[in-house]
Amino acid sequence: MTSQLTLNVEFGGGLELLFSNQRLHTVSLPSYIPQNLNKSTDGSFDPTQRPANVTFLLNWLKQNLLKEREELFMDGDSVRPGILVLINDTDWEIEGEGDYVLRDNDEIVLISTLHGG
Amino acid sequence: MPSRPCALCTSATAILKRPKTGQQICKECFFRVFETEVHNTIVDAKLFKPGDRVAIGASGGKDSTVLAHIMKTLNDRYNYGLNLFLLSIDEGITGYRDDSLETVKRNQMQYDLPLKILSYDELYGWTMDKIVEQIGKKNNCTFCGVFRRQALDRGAAMLNVDHIVTGHNADDIAETVLMNIMRGDIARLGRCTLICTQGDDTIRRSKPFKYAYEKEIVMYAYFKKLDYFSTECIYSPDAYRGHARTFLKDLEAARPSAIIDIIHSGEAFELAEEVKLKEQQTCKRCGYMSSNELCKACALLEGLERGIAGMGVKERRRYENETTPSNLRTTSIPLFPGSAF
């Protein structure tokens, strides 16, 4: 596996307002979660290298692209309830949600439903 | 057989997990079940008859855009025989409503439906921007909701329609049930789960999306590439409904069927005999239906005109020894058609 992944991220439903008002972003992510961020579910640092997953991507977006109002995007390690996530045009609930292992050129779409209809 | 087959047709790959049923289904099956369920909702509740003139409350947002698309699709597919219109209300919220109205105008062209736009300014002499300037950021939705409800009725009367449909979805209705419980609003609790409401002087109003999950509406719009406007109203962050919405979203995450279940609970509520509800009257000033001498809109407007914050917002007796000054603008609100005046 190459050391970096290229991913196409799209924000919709108003979420783009938190990300410089830009809907489409191309991001470059390490293929493996860096050791200092590699935590197991019990909070201890995992010695085995884990491939980058969607949870890692979400935190990366929060750290690097999110401009304001963190609480409107994430709730803990996942998206705020009411934000839908699609991986390659598929509901992330089918793909394993945060545990889905990212592949090069994957398309991730994040749509907020939290607005008037 | 694909690696993750659709639970319904088994031949295509599943792309969506339905919150209602937990089934994993493919795109075409999703379109079909979503559309068919709305059709069944309409037929089971006997909402329409051939020849009905139906106004679709259209804001340019996700629910009303999908509603316009679905109503047109079902009307053609199942020959409902309806005359469809788009009816839009301009509350006068700069940067929010003016942008979403552009979306409605695009919808008008895409679905080839006649469009009528009515504004608070022309009806009441007040825009939401001016109202909020006067009363501050509290109770904004109270004013807006009351005025919009009446504005839709007036617009529908102008178009001579038999029926208004709005895009309220299952999430909205479940939130409303929770809110009415939290506020002890018994009268509304009894009405808010009705799929179709009608007063003596008002036009029938239905919610075909009553059982449609917000997630599915958004997914339908996404996969069908329907164009909608999506920003939070700038006055909504302080709204009480936000609390109910957050709570409901958390409940849904833990157990997706919670939304439908709350609606079923709401439908099953029966009022204890001792609970007294106010009888319906007509407003002394404009003739619209009302639980009190003045309808809510006229009460709110009087408060605005006289600069009394909070007047009409809560249920309260009118101040003792009050006479209404004769130069108030409220006396020029058009009388509601069909009233006794």
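Chain A is the first sequence line, chain B the second, and so forth, proteins listed ahead of strands; every chain is numbered from 1.
- Using a 4.5 Å cut-off between heavy atoms, A/Leu15 makes no contact with chain B at all.
- Taken from OG in B/Ser230 to CG in A/Leu17, the straight-line distance is 8.0 Å, to the nearest 0.5 Å.
- We find the OG1-CG distance between A/Thr113 and B/Asp63 to be 9.5 Å, quoted to the nearest 0.5 Å.
- For B/Lys20, the NZ atom sits in a packed shell: over 12 heavy atoms of surrounding residues, nucleotides or ligands are nearer than 6.0 Å.
- A salt bridge between B/Arg4 and A/Glu95 is present, with a side-chain N of the basic residue lying under 4.0 Å from a carboxylate O of the acidic one.
- Counting non-hydrogen atoms of other residues, nucleotides and ligands closer than 6.0 Å to NZ of A/Lys62 gives a total above 12.
- Residues B/Met219 and A/Leu84 are in side-chain contact: their nearest non-hydrogen atoms beyond the backbone lie under 4.5 Å apart.
- Looking at every heavy atom in both residues, B/Asp250 comes nearest to A/Pro81 through OD1-CG, 3.4 Å.
- Interface remark: B/Ala14 contributes backbone and side-chain atoms alike to the contact with chain A (heavy atom separation under 4.5 Å).
- B/Phe223 is listed as a side-chain neighbour of A/Leu86, based on a closest heavy-atom distance under 4.5 Å.
- Annotation for A/Glu70: atom CD does not count as buried by contact number, only 12 or fewer foreign heavy atoms lying within 6.0 Å.
- When heavy atoms are compared at a cutoff of 4.5 Å, A/Ile87 does not approach chain B at all.
- Heavy atoms only, all atoms of each residue included: B/Lys17 and A/Ile94 are closest at N-CD1, 3.8 Å.
- Heavy-atom contacts from other residues, nucleotides or ligands closer than 6.0 Å to OH of B/Tyr240 number more than 12.
- With chain B as partner, the option from A/Asn88, A/Asp75, A/Ile111 having the largest number of non-hydrogen pairs under 4.5 angstrom is A/Ile111.
- A salt bridge links B/Lys215 with A/Asp91; the closest basic N to acidic carboxylate O contact falls under 4.0 Å.
- For B/Arg205, the CZ atom sits in a packed shell: over 12 heavy atoms of surrounding residues, nucleotides or ligands are nearer than 6.0 Å.
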